[in-house]
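Computation of the quantities below employed the complete heavy-atom set of this structure, encompassing side-chain atoms and omitting hydrogens, waters and symmetry-equivalent molecules. Quick note on labels: first sequence line is chain A, next is B, and so on, each numbered from 1.
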There are 2 protein chains.
Amino acid sequence: MSDPLVQNTRKPTVNDIARVAGVSLATVDRVLNGRSGVREATIDRVNCAIAELGYVRDTAAANLARGRVYQLVFLLPETNNEFVVSLEREIDDQTIPMALDRTRARKVLLPPFEPEALVAALDDLDAATNDGVAVFGPETPAVCEAVNRTRARGIAVVALVSDLPSSERDHFVGIDNVAAGRTAAQLMGRFLGGVGDVLVITGSHLARDHVERRTGFDAVIAEAFPNLKVVSVIEGRDDSDAVRQQLPGVFKTFPNLSGIYSSAAGNPGLVDFLNDTSAGHRLTVIAHDLTNTARSALETGVFDALISQNEGHLIRSATRLLKATADNRPFDHTQERIRTDIYLKENMPPV
Amino acid sequence: MSDPLVQNTRKPTVNDIARVAGVSLATVDRVLNGRSGVREATIDRVNCAIAELGYVRDTAAANLARGRVYQLVFLLPETNNEFVVSLEREIDDQTIPMALDRTRARKVLLPPFEPEALVAALDDLDAATNDGVAVFGPETPAVCEAVNRTRARGIAVVALVSDLPSSERDHFVGIDNVAAGRTAAQLMGRFLGGVGDVLVITGSHLARDHVERRTGFDAVIAEAFPNLKVVSVIEGRDDSDAVRQQLPGVFKTFPNLSGIYSSAAGNPGLVDFLNDTSAGHRLTVIAHDLTNTARSALETGVFDALISQNEGHLIRSATRLLKATADNRPFDHTQERIRTDIYLKENMPPV
DNA sequence: TTGAAAGCGGTACCAA
DNA sequence: TTGGTACCGCTTTCAA
């Protein structure tokens, strides 16, 4: 083999193609970019040359010549929950590095758990000024159809954090939430020595990620820990106050709780309650996402473990995937896989 | 503010600088690249223009013009231990994506635990043909001095996996191994309910990462688990056979072992022994690195948890850091932080 | 349907 | 000490 990418030989350029195919640069470009106005026969000649030479386009040079800037949009729920806020901050922090990479990302905040708003926002995107969009929102048929329309208009779409598998989104950027729930259950079971009553705090039955986490959690409890029981489930709608208000009732009904799986947002409400009743230290608490609240709860021993996904990685990965899809360029699947992180006090990354 | 990187205004180019400073392109280039032959006064004028315009060099365009190819070297121990092998494979797998990014990485395998070989390899690197080197090896004074010489010659140096803090290496790419050891101890303690006798398998006292892991492990046992005891420590030199051979003796002396912390390589030897004696399932075993052996041991319940660092991330991060250092460009610290991963069966990423 | 040539943001050679 | 200019790999306008 003499793959020029692997060997020390110079990489073939458009000029090489032109020479080999016996055509001009302009024609090579037309074929390369699928522009019309080239005879079939000529197209074939050029494609042969491309194949023969093992040509791979230099994206940097192409973007330079084009003066291209990738315009991306992030559709996020408008909420003050810490995970989403840090997702936003991550986008802001990436502004300059992205700009150096010919990429501009815009945030659009939408009322949470409202499919209509999401649909409207998607339908509002003009393909002329938008290359790609990352969607973090509920999976409903209307949303999926809007996603499909967006793609049909030529805008790349990735689902962020919560998947939209019933749509034709290009990619999903986030963790396997069933696996996350399973992981939480395994930790809970091991930490509790396999016995005890557990409370699960979930967010919304509309949020696919929340539902999946519960599914996973319940499955492992059932499979592996016969003496562990989920005695109560509360729905906190990702709202600290809502969580806070429901807890006293639960503890009155089940005074012997030994574990809590906080599978969504609203942890400040939980921590607040646990500190007030000083129940935190005798309970095993497993929560999601390395937020400031979770960090300090882990630090003080109120939380025992955290399941998390790295916000920086989510944003960078979504960005890379949208750009690659927009150019329909290949990408490194292993690099784009978001890991389901487990954090104990000991392996928390420094802030 | 009118930062052109953030605003929609066009980014300033060398031409803008030339115009504003009233000099030619060539002079701007001289100043930008610190080339000699420019009057002080002119240099100042150009620098003023640069500052005033908020100019940031377009690295892609610069590299295109220069025909630059980054030449990187990875110095790795020559061993068949799975972690190192998968590090090598990762380098191989990155060959094509790197080539597309004007980067060529070369592996050099050296006899393990032999500082002299490492020193010789470093001193052998020609700055004319090498932009950066990643070093995975023991920290000895001779090695540190060689690292310093290499840097002095103008080659970027990062320590990989095992830090070289006594040297002037540009960066360390790897996890905090003390934290990794602490994490292992915390898991061990929780999984064992805080009581039991534990065996620690280490690699070599010459390897800084191995020593640090033990330090962290011992510290948490001492701090948090008074009824947990490290009753024996064996040094396996990252060699499966060596590990395998020492185990029967340990188990004869301490038949009541309830946990094993395998803090280095050589896991095939350990798994082999555990399967033979069918001791695996009553012991709590915590090991390092998501290798194939570890994967299947986790799957079958022979291992209970894994501490790991992502090989792909290690290689990509080392590569980005070496290139950024070579160009002395800034980089995103949070992106380059290697996480100390915890894997249970439930959150193992698919192969 | 095709080609010549200018230009994207830099670099570097050669001449002045 | 300085400037003019060709060129890196690719795109795009204009003319043929």
From CD1 of A:I43 across to P of C:dT1 the rounded distance in Å is 9 Å
With a 4.5 Å limit on heavy-atom distance, are the side chains of A:E90 and A:L314 in contact? no
Rounded to whole Å, CZ of A:R45 lies from P of C:dT1 at a distance of 14 Å
Find the distance between CZ (B:R339) and CZ (A:R339) and round it off to the nearest 0.5 Å. 4.0 Å
Less than 4.0 angstrom between a side-chain N/O of A:T27 and OP1 or OP2 of C:dT1, yes or no? no
Spacing between A:D44 atom CG and C:dT1 atom P, to the nearest angstrom: 14 Å
Look at B:R89 together with B:D92 and state whether they make a salt bridge at an N to O cut-off of under 4.0 Å. no
Set out, line by line, the N/O atom pairs under 3.5 Å between protein and nucleotides 7-9 of chain D.
residue	atom	partner	partner atom	Å
D:dC8	O2	B:A65	N	3.0
D:dG9	N2	A:A61	O	3.3

In whole angstrom, give the distance that lies between atom CG of A:L100 and atom P of C:dG10. 11 Å
Starting at CZ of B:R68 and ending at P of C:dA12, how long is that distance when rounded to a whole Å? 10 Å
B:N15 and B:L25, any side-chain heavy atoms less than 4.5 Å apart: yes
A:R10 vs A:D16 side-chain heavy atoms within contact, under 4.5 Å: yes
With a 4.5 Å cut-off on side-chain heavy atoms, are A:L100 and A:P97 touching? no
Salt bridge or not for A:K323 and A:D131, using N-O below 4.0 Å? no
To the nearest angstrom, the CG-C1' distance between A:L53 and D:dC10 comes to 16 Å
With no hydrogens and no angle check, do the side chains of A:S162 and A:E139 hold a donor and an acceptor under 3.5 Å apart? no
Protein-nucleotide distance (B:R39, atom CZ; D:dG3, atom C1'), rounded to Å: 14 Å
Using side-chain hydrogen bond (donor to acceptor under 3.5 Å, both in side chains) as the criterion, list what pairs up with B:S86, not counting sequence neighbours. B:E311
Nucleic acid contacts - residues 28-38 of chain A versus DNA chain D, non-hydrogen atoms under 4.0 Å: A:D29, A:N33, A:R35
Would a 4.5 Å heavy-atom cut-off, applied to side chains only, mark B:D332 and B:R320 as touching? no
Global bending angle along the helix from C:dT1-D:dA16 to C:dA16-D:dT1, which compares the axes of five pairs at either end, to 10 degrees: 50°
Using side-chain heavy atoms (C-beta onward) and a distance below 4.5 Å, is B:Q94 in contact with B:I91? no
A:T150 and A:R153: side-chain donor and acceptor closer than 3.5 Å? yes
Pairwise 5' ranking along DNA chain D for A:T59 and B:L25, keeping only the more 5' one: B:L25
Residues 48-64 of chain B vs salt bridge (Lys or Arg N to Asp or Glu O under 4.0 Å), sequence neighbours excluded, gives A:R102-B:D58
Would you say the side chain of A:F331 lies within less than 4.5 Å of the side chain of A:L321, judging by non-hydrogen atoms? yes
List in numerical order all residues of residues 321-330 of chain A for which some heavy atom is under 4.0 Å away from an atom belonging to DNA chain C. none
